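In listed order, ligands and their atoms are each counted from 1. Predicted model only: the values in this text are computed from it and were never measured.
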Amino acid sequence: MDMTADPSPVTLEIVGATALIIIDNPPVNAASHAVRAGLAEAVAKAEADDAVDVIAVYGAGRTFIAGADIREFGKPSKDPILPQVINGMEACSKPVVTILHGTALGGGFEVALGAHARVALPSAQVGLPEITLGIFPGAGGTQRVPRLIGIPAALEMILSGRRIGADEALKMGLIDRIDEGEPREVALRVAEDIRAGRLATRKCSDLATTPDDAALEAATADIKRKQPNLFSPLKAVEAIAASTGPLEAGLKLERALFMQCIDSPQRAGLIHAFFAERAVAKIPEKDATPREIASVGVIGGGTMGSGIATAALLSGLSVTLAERDADALSRGRGTIEKNLAQAVKRGKLTEEKREAILADKLSTTTELADFGGVDLVIEAVFEDMEVKKDIFRQLDAIAKPGAVLATNTSYLDIDEIAAVTARPADVIGLHFFSPAHIMRLLEVVVADKTAPEVVATGFALAKRLRKVGVRAGVCDGFIGNRILSHYKKVADYLMMDGASPEQIDRAVTGFGFAMGPFAVSDLAGLDIGWAARKRQAATRPPEERYIPIADRICENGWFGRKTGQGFYLYPDEGKPTPNPEVAKIIEAERAKAGITPRDFSDDEIVSRFMTAMIAEAVRVLEDGIARRPIDIDAVYLFGYGFPRFRGGPMHYADTLGAAELVRRIETYAKEDAHYWQVPQMLRDMAVSGGTFAALNEER
Ligand code: T1G
């Protein structure tokens with residue numbers, strides 16, 4: 001025994017005639033190489049032990065195996081691979097049972113499928129979420145699940161990747177029993193039941209899948225319609241289809257298709273997105289103690305304020321909503337009631353809970369003095385610095401010592417706001433994204449004097465609200481909007497120089513975005529951008545190329561969806577269509593500027609759009625507004641509809657490489673040297689061969 005080796009995360013313990021195999025690989029018992037090797041060895045030993053007649057496998061800690069170790073992806077696989085371990089378990093001559101608790105997901109549930117029976121604790125969840133990682137179940141799931149529950153249910157489970165509670169899993173036939181108690185005691189009791197014939201066992205390999213071509217065809221058509229960009233779903237369907245044949249051949253095909261998915265850039269992008277959601281919580285202040293937040297005061301009952309209040313209420317917090325007068329207050333309360341009613345409709349809330357929230361958790365006032373006892377105040381009023389300063393002066397006098405004073409401003413200088421109070425350490429930016437009770441991104445904007453525990457409180461609040469908190473520094477637009485305001489200009493330049501708004505939107509959605517820049521502007525309201533451009537006019541550099549097309553549209557009172565027309569027409573029925581009036585405005589402005597329109601390919605549009613986004617993102621890194629590239633990825637994945645399978649703008653930038661990005665910017669700079677500038681960090685990376693992924697490791 002090599003005493004220098006790490007102890008195996010798998011223990012074999014013989015209790016009477018039962019072999020207990022315990023997996024202990026915190027935090028989630030991921031099926032690392034050591035777990036796979038240990039499990040295979042333990043099963044072989046138990047099978048060879050004449051004193052043993054039943055084998056029971058369970059996990060220590062908070063969960064059974066929660067999946068393959070996704071940190072191993074992209075590296076050479078090491079035997080035994082999971083399919084080998086599972087096939088060995090299934091072939092075992094003695095009954096093997098798995099006891100499931102926590103989240104038995106992916107390869108973890110596939111291990112359970114290799115057992116001859118599955119028993120779950122009542123709170124256990126099972127699932128095959130691989131599709132969300134750009135792959136699909138690659139350790140027998142596509143062959144064993146259809147044998148257990150049929151092709152239609154297997155397609156739904158594997159293509160949705162959803163988690164299934166124990167009750168539903170029992171009804172579906174994914175598990176054989178639900179039992180109470182600690183995994184160890186359940187394992188011993190279940191082994192006795194198997195021994196006594198009170199719990200039947202069977203191998204999935206002994207079952208046959210009923211063919212169902214109609215279900216397979218329907219799933220294929222559905223994927224082609226709804227997820228044309230994704231690579232792995234169709235491969236999953238192909239593997240599932242093979243489950244009607246011999247198991248060995250099906251497993252072979254599954255493995256081949258699975259490896260194609262593992263090698264696809266989409267797997268790298270989706271797994272990067274998975275880790276990005278978790279990496280952002282690793283902040284310098286992560287060891288500071290967050291302040292207790294039980295009650296929240298929200299100032300402003302407009303779209304943002306009522307959305308923020310809704311998010312807080314849905315997370316169980318008590319909320320006092322303040323507005324300047326009774327009418328505004330009743331409008332704000334009405335919006336909250338509507339938001340909660342939608343949550344009920346979406347199945348996120350019961351009607352009883354909604355009524356309880358409105359009765360017990362929400363209060364309203366027109367007096368800021370009522371905020372004297374709240375733990376956190378979130379100001380969400382009109383984006384005007386003087387208005388905000390006035391509110392923070394009042395809060396400084398009213399709020400209790402230790403209350404956190406947050407502003408939801410989307411671009412104003414938080415240092416300047418903090419400076420009007422005697423407690424700048426308690427002031428922070430909490431930039432929510434509309435609709436605030438649905439969008440998951442929360443930019444936690446740290447001002448110069450914000451105290452570490454106040455930053456930690458912002459992140460604790462993000463977690464409480466089930467949002468993705470990303471640490472940002474103070475500048476105009478913080479991370480997301482600063483980058484947006486830069487690359488939105490390139491869309492305007494493309495429109496001015498020859499591409500139509502609808503072509504640009506189509507190219508960008510073809511890249512994978514949920515919506516293109518002009519459709520987004522129409523949705524947000526063209527008047528918002530118009531006001532911002534007027535605000536910035538005084539400080540706009542003379543060398544900046546300015547496109548007045550959106551101004552002309554706004555001068556007609558066309559503000560997008562809310563007025564029924566903007567770049568598009570929004571009929572009461574049917575889909576939006578390009579606004580012919582806009583085409584005339586574009587033509588007139590091109591003529592005025594003496595521009596002869598030229599053709600742009602969709603690839604050229606995407607190349608300029610993405611290169612502009614990445615260039616400004618690099619400057620955000622250079623200025624320290626975002627700490628790491630992965631923070632920018634998280635902002636764009638969770639706040640701007642960036643295609644998840646591409647991992648975020650910085651992960652995508654690595655697929656292009658710094659040298660290619662520098663080449664593109666230098667080419668475009670020949671047309672506009674002011675807009676197209678190569679950030680020094682990018683130039684250095686092009687020389688050194690550095691990557692943004694490497695920067696994530698350093699910080
Ligand atoms: N591999 C490696 N690390 C993992 C991991 C995994 N599968 N799952 C979680 N972690 C890390 C995570 O990064 C974090 O690390 C810590 O564990 C706690 O996670 C062959 C190939 C299980 C529901 O997709 O859904 O099996 O940040 O913060 O909120 O077909 O983690 O502390 O350093 O999320 O309590 C399929 C992914 C894999 C499940 C727990 N399985 N994990 O949630 O904790 S592919 C999954 C989750 C596969 C087979 C294929 C969740 C969780 P750190 P956490 P949590």
Side-chain angles (χ1 to χ4, degrees), residues 9 23 25-36 39 59 61-75 77-87 100-114 123-145 154 157-165 232 235-236 239-240 251 254-264 266-268 270-283 286 440 459 462-464 466-469 628 630 634 644 696-697:
I23 295 148
N25 183 32
V28 298
N29 280 332
S32 62
H33 174 253
V35 167
R36 300 195 302 271
L39 183 53
R62 59 176 163 151
T63 179
F64 185 70
I65 302 169
D69 187 336
I70 47 187
R71 293 182 199 279
E72 290 180 356
F73 289 173
K75 297 171 188 159
S77 55
K78 282 166 71 178
D79 286 350
I81 59 173
L82 204 50
Q84 289 166 328
V85 177
I86 293 168
N87 295 344
L100 309 180
H101 79 293
T103 47
L105 301 174
F109 188 60
E110 288 175 297
V111 166
L113 289 166
S123 57
Q125 291 182 314
V126 301
L128 295 170
E130 290 89 336
I131 210 84
T132 65
L133 300 174
I135 46 181
F136 65 82
T142 64
Q143 305 306 306
R144 294 189 171 96
V145 171
M157 178 179 185
I158 290 167
L159 294 175
S160 69
R162 71 186 175 95
R163 288 189 210 166
I164 299 168
S232 70
K235 302 293 178 186
I240 291 166
L251 289 172
E254 176 193 76
R255 182 75 188 163
L257 295 170
F258 173 77
M259 289 314 292
Q260 288 176 28
C261 296
I262 283 282
D263 295 340
S264 84
Q266 292 192 5
R267 184 269 306 158
L270 285 163
I271 284 188
H272 178 79
F274 172 85
F275 284 119
E277 185 176 348
R278 290 152 177 84
V280 293
K282 296 181 174 70
I283 53 174
K286 68 181 182 319
R440 295 201 58 206
F459 275 81
K463 195 172 173 83
R464 174 83 186 261
R466 299 177 57 74
K467 287 186 180 288
V468 179
R628 301 161 300 176
I630 201 165
R644 195 176 164 86
N696 289 328
E697 299 310 318

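Against a heavy-atom cut-off of under 4.0 Å, G107 is close to the following atoms of ligand 1: 26 (O), 48 (C), 49 (C). Of all the atoms in ligand 1, the ones that sit under 4.0 Å from a non-hydrogen atom of F275 are 13 (O). Here is the list of ligand 1 atoms found below 4.0 Å of a heavy atom in G138: 30 (O). Listed by atom number, the atoms of ligand 1 under 4.0 Å from E110 heavy atoms are 20 (C), 30 (O), 49 (C). Against a heavy-atom cut-off of under 4.0 Å, G106 is close to the following atoms of ligand 1: 26 (O), 36 (C). Counting the atoms of ligand 1 from 1 in the order shown, those under 4.0 Å from a heavy atom of D69 are 1 (N), 2 (C). Distances below 4.0 Å separate heavy atoms of P27 from the following atoms of ligand 1: 16 (C), 17 (O). Of all atoms in ligand 1, numbered sequentially from 1 with element shown, those under 4.0 Å from a heavy atom of P137 are 30 (O).
Summarising the geometry, atom CZ belonging to R255 is positioned 5.5 Å from atom OG belonging to S77; distances are rounded to the nearest 0.5 Å.
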Begin from the C-alpha positions of I65 and E110 and carry the test side-chain contact (heavy atoms from CB on, under 4.5 Å) through to its verdict. CA-CA 10 Å; I65 302 169; E110 288 175 297; over 6 Å; no

Test side-chain contact (heavy atoms from CB on, under 4.5 Å) on I70 and F275; report intermediate values, then the result. CA-CA 10 Å; I70 47 187; F275 284 119; 3.6 Å; yes

Intermediate values then yes/no, side-chain contact (heavy atoms from CB on, under 4.5 Å), I135 and F258: CA-CA 7 Å; I135 46 181; F258 173 77; 4.1 Å; yes

Trace of the side-chain contact (heavy atoms from CB on, under 4.5 Å) decision for N29 with V35: CA-CA 8 Å; N29 280 332; V35 167; over 6 Å; no

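Taking both residues in full, the closest heavy atoms of L257 and K235 are given as CD1-O, 3.7 Å, listed atom of the first, atom of the second, then distance. Annotation for G134 and C261: closest pair O-CB, 3.6 Å, computed over non-hydrogen atoms. What you find for R628 and K282 is that their closest heavy atoms are NH2-O, 3.8 Å. When all heavy atoms of A30 and N25 are compared, the closest pair comes out as O-ND2, 2.7 Å. Between A104 and T63, the shortest heavy-atom contact is N-OG1, 4.3 Å. Between G469 and F459 the shortest heavy-atom distance is O-CE2, 3.2 Å.
When only non-hydrogen protein atoms are considered, atom 21 (C) of ligand 1 lies nearest to F73 CZ, 3.4 Å. In this structure, the protein non-hydrogen atom closest to atom 13 (O) of ligand 1 is R71 NH2, 3.2 Å. Counting protein heavy atoms only, atom 25 (O) of ligand 1 is closest to R163 NH2, 3.9 Å. Counting protein heavy atoms only, atom 52 (C) of ligand 1 is closest to T103 OG1, 4.4 Å. Residue, atom and distance of the protein heavy atom nearest to atom 42 (N) of ligand 1 are F274 CZ, 3.5 Å.
Checked against a 3.5 angstrom limit, the closest N/O atoms of K282 and ligand 1 fall inside it. An N or O contact shorter than 3.5 Å is missing between I135 and ligand 1 by distance. Considering backbone and side-chain N/O of I70, one or more are found under 3.5 Å from N/O of ligand 1.
Checked against ring-ring contact (aromatic ring centres under 6.0 Å, His included), H101 has no partners two or more places apart in sequence or in another chain.
Per-atom contact check: atom 32 (O) of ligand 1 does not touch the protein, criterion being a heavy-atom distance below 4.0 Å. When distances from atom 29 (O) of ligand 1 to the protein are checked, no heavy atom turns up under 4.0 Å.
Proximity of L133 to ligand 1, defined as any heavy-atom pair under 4.0 Å, is confined to the side chain (atoms from C-beta onward). Within the 4.0 Å heavy-atom criterion, both parts of A68, backbone and side chain, lie near ligand 1. Using a 4.0 Å cut-off between heavy atoms, R267 makes no contact with ligand 1 at all. With a 4.0 Å cut-off on non-hydrogen atoms, V28 touches ligand 1 through its side chain and not its backbone.
Closest heavy-atom approach to atom 22 (C) of ligand 1 within the set A66, P26, A30: this belongs to A66. The heavy atom nearest to atom 44 (O) of ligand 1, out of those in R278, K463, R62, is found in R62.
Residues R36 and K78 form a side-chain contact, since some pair of their non-hydrogen atoms from C-beta on lies under 4.5 Å apart. You'll find the side chain of V468 reaches within 4.5 Å of the side chain of V280, heavy atoms only.
A heavy-atom separation below 4.0 Å is found between P129 and ligand 1.
The only member of L128, L105, V126 that meets side chain to side chain contact (heavy atoms under 4.5 Å, CB included) when paired with R163 is L105.
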